[in-house]
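Keep in mind the model is a prediction, meaning the values are calculated, not measured.
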Amino acid sequence: LDNFKLVNDTYGHHKGDEVLCQVAEVLRQLFHQEKIARFGGDEFMVFLQQDVISAAKLNEKMTAVCEQLYAAFDDLSEHFHLSASVGGSIYPQHGLTYTVLYEHADEAQYQAKKMGKNACFVYGAYHKSMQAAKLVEPEWLLDEISDAVYVGALVSDEILYVNRTLSRWFGMDRHQLENTPCFETL
């Protein structure tokens with residue numbers, strides 16, 4: 001989990017325990033019959049059946065984890081957002097032992113964190129995925145900033161994007177603020 005330490009520091013360990021239970025529930029909903037384990041303080045591991053795994057399928061499932069967890073904790077704080085950085089590896093392509101597969105999945109997870117968190121990578125394929133993931137939705141990076149941020153069009157002076165902090169300042173949903181003239185809103 002990304003930013004989990006901030007949950008404990010901001011809300012206390014009781015809230016951290018609640019968040020871990022919510023994460024486990026999200027994983028149970030996504031992986032009905034798979035083995036799920038809490039591996040460390042804020043790390044979870046899912047063992048998928050070998051006969052249903054391909055790099056594309058694994059990436060699809062890992063993307064669902066990122067999206068579901070990001071959505072589940074959207075209202076946790078105005079200063080940070082809880083998300084997941086997910087790494088995966090496939091037997092036997094990426095290793096023949098648990099240790100090697102774990103190390104490769106961990107390396108892929110590290111790449112996800114290095115790229116700004118809330119991302120997923122399959123070992124060996126993450127270089128292609130990084131570029132694609134960052135081009136599709138760069139807005140989530142702005143949501144991680146605790147300062148108020150908006151992106152406006154130069155010609156029309158229209159608000160194109162509002163981050164979570166700014167929308168909370170105004171007490172409005174970000175979509176209500178977007179596409180309005182800057183001088184009327186700000």
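Residues satisfying the side chain to side chain donor-acceptor pair (under 3.5 Å) criterion with Asn8, sequence neighbours excluded, are absent altogether.
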**OP:** Start with the C-alpha distance between Cys120 and Val65, add both sets of side-chain angles, then the distance that settles side-chain contact (heavy atoms from CB on, under 4.5 Å), and finish with yes or no.
**Re:** CA-CA 9 Å; Cys120 61; Val65 169; over 6 Å; no

**OP:** Just do the side-chain contact (heavy atoms from CB on, under 4.5 Å) check on Tyr123 and Glu107 with the steps written out, would you?
**Re:** CA-CA 7 Å; Tyr123 176 79; Glu107 183 181 324; 3.7 Å; yes

Subject >> Derivation and outcome, side-chain contact (heavy atoms from CB on, under 4.5 Å), residues Leu20 and Phe4 >> reply: CA-CA 9 Å; Leu20 292 173; Phe4 181 70; 3.7 Å; yes

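The line from CD1 of Ile90 to NZ of Lys57 is 12.5 Å long, rounded to the nearest 0.5 Å. A distance of 9.0 Å separates CG of Leu69 from CG of Asn118, quoted to the nearest 0.5 Å. For the atom pair Asp2 CG and Asp42 CG, the distance stands at 8.5 Å (nearest 0.5 Å). Atom CG of Asn3 sits about 11.0 Å away from atom CG of Asp9, to the nearest 0.5 Å. Atom NZ of Lys117 sits about 11.0 Å away from atom CG of Leu1, to the nearest 0.5 Å. Put simply, OG on Ser85 and CD on Gln111 are 11.0 Å apart, with the number rounded to the nearest 0.5 Å.
Counting only heavy atoms from C-beta outward, the side chains of Val122 and Met62 approach each other to under 4.5 Å. The closest side-chain heavy-atom distance from Tyr70 to Leu82 is not below 4.5 Å. Between Val7 and Lys15, some side-chain heavy-atom pair lies under the 4.5 Å cut-off. Contact of the Tyr98 side chain with the Phe47 side chain is registered, since non-hydrogen atoms from C-beta on lie closer than 4.5 Å. Two residues are said to be in side-chain contact when any heavy atoms from C-beta on lie closer than 4.5 Å; Met45 and Tyr102 meet this criterion. Looking at heavy atoms from C-beta onward, Val46 lies in side-chain contact with Leu48 at the 4.5 angstrom threshold.
In this structure, the side chain of Arg28 does not engage the main chain of Phe31 through any donor-acceptor pair within 3.5 Å.
For Ala119 against Cys66, the heavy-atom pair with the smallest separation is O-SG, 3.5 Å. Minimum heavy-atom separation, Phe121 to Ala112: CE1-CA, 2.9 Å. Between Gly87 and Ala108 the shortest heavy-atom distance is CA-CB, 3.8 Å.
In this structure, Phe73 has its ring center at least 6.0 angstrom away from the ring center of His81.
Taking the six-membered ring where tryptophan is involved, the planes of His104 and His94 are perpendicular, since the angle between them exceeds 60° and thus also 30°.
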